[in-house]
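One structure below.
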Amino acid sequence: MRLGLFLPSRTLLCDSHRTRKMYAAVTLFVFMCLTATTHADHHHQPCHAPNMTGFMSVISLKGEMKAYGAFTYDSMGKKLRFRSNESHPSNTSLGLDLLMFFDDGVFYEIDSKNQSCEKKALQCTQHPLDIPDDATFVATVNCGSPSIEGEGLKANVWTGTMSDKKGHYSMSVTMGCLPVCTLYFQESSSFIISLTEVEIEIKDPDLLTVPTFCLGQPLEETPEGTVHSFLNEFM
Ligand SMILES: *[C@@H]1O[C@H](CO)[C@@H](O)[C@H](O)[C@H]1NC(C)=O
Ligand SMILES: *[C@@H]1O[C@H](CO)[C@@H](O)[C@H](O)[C@H]1NC(C)=O
Ligand SMILES: *[C@@H]1O[C@H](CO)[C@@H](O)[C@H](O)[C@H]1NC(C)=O
Ligand SMILES: *[C@@H]1O[C@H](CO)[C@@H](O)[C@H](O)[C@H]1NC(C)=O
């Protein structure tokens with residue numbers, strides 16, 4: 001395992017305390033995602049995450065920060081809002097504001113600055129906050145110390161193929177089913193999505209409603225061969 005691969009360049013390290021902290025956390029997540037060995041156990045059923053508010057980062061395995069920002073997730077209603085902060089210190093993240101309705105199969109790309117939005121159909125509903133029902137249990141991993149209070153994190157690792165069958169994922173969740181990180185391996189692009197500062201409530205329900213300036217927006221046509229999904233936003 002080459003953890004060095006995921007370390008940021010020196011300039012990035014010097015950028016800010018916050019960025020440093022985040023890369024350290026991400027390195028831990030990568031470790032957790034990769035330590036899993038293959039002891040398939042067929043007695044486990046994938047759990048489902050609760051309502052959540054927190055921060056999400058998307059980093060390509062080339063070391064590029066693709067996005068970082070706050071998310072809100074309604075686990076029953078299968079709704080997700082993710083707003084990436086383009087002025088985050090890493091300087092490479094996208095300004096992106098997504099509101100996804102996985103059950104309805106539609107999502108909005110919102111531009112609050114100029115009050116515009118695009119409504120699109122979702123061709124694939126896979127996303128990093130929920131373990132797919134057909135995932136395979138890999139192992140339970142203890143990061144840090146399992147015996148010293150507050151010094152360890154126990155996680156279950158799940159794996160499976162991407163919906164387009166062109167890659168696979170490795171997802172780690174806590175015992176209470178809070179996603180910690182997911183690694184998506186694909187020929188074209190591989191990336192890791194990690195969640196931090198998670199709270200198990202929806203702090204601002206308004207974030208999960210369609211902004212008034214988006215109401216009545218017609219559904220855009222999806223060009224032939226295009227697949228829209230949460231993950232495709234980062235590929
Ligand atoms: C999750 O949030 C939704 C929307 O606010 C709410 O209807 C639902 O009751 C919440 N679920 C739990 C378990 O709190
Ligand atoms: C975005 O990041 C900048 C720089 O870290 C910070 O000052 C700002 O508050 C952040 N904005 C949001 C909405 O998180
Ligand atoms: C951020 O990126 C812009 C454009 O690529 C560049 O001009 C600027 O110097 C960068 N800032 C930092 C702090 O790296
Ligand atoms: C809003 O901003 C987006 C991206 O910057 C741009 O593509 C779009 O044309 C703008 N819409 C309006 C109405 O200005």
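Counting convention: from 1, in listed order, for ligands and their atoms alike.
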When you look at D204 and T53, which way does the side chain to side chain contact (heavy atoms under 4.5 Å, CB included) test go after all the steps?
CA-CA 9 Å; D204 183 357; T53 299; over 6 Å; no
Indicate whether atom 2 (O) of ligand 1 is within a distance of less than 4.0 angstrom of some protein heavy atom.
yes
Specify the protein heavy atom at minimum distance from atom 11 (N) of ligand 1: its residue, its atom name, and the distance to 0.1 Å.
N51 ND2, 3.0 Å
Charged N to carboxylate O under 4.0 angstrom, R81 versus D97?
yes
Atom 5 (O) of ligand 1 has as its nearest protein heavy atom I202 CD1, 3.7 Å
For the residue pair F191 and Y184, categorise the inter-ring angle as parallel (less than 30°), tilted (30 to 60°) or perpendicular (more than 60°).
tilted
Hey, is atom 7 (O) of ligand 1 under 4.0 Å from any protein heavy atom?
no
Considering non-hydrogen atoms of the protein only, which is the closest contact for atom 4 (C) of ligand 1, and what is the distance?
D74 OD2, 3.3 Å
Taking C-beta and beyond as the side chain, do R83 and L207 meet within less than 4.5 Å on heavy atoms?
yes
Determine whether T140 and M175 make a side-chain contact, defined as any pair of heavy atoms from C-beta on separated by less than 4.5 Å.
yes
Checking contacts now, so for atom 13 (C) of ligand 1, which I'm interested in, is there any protein heavy atom under 4.0 Å?
no
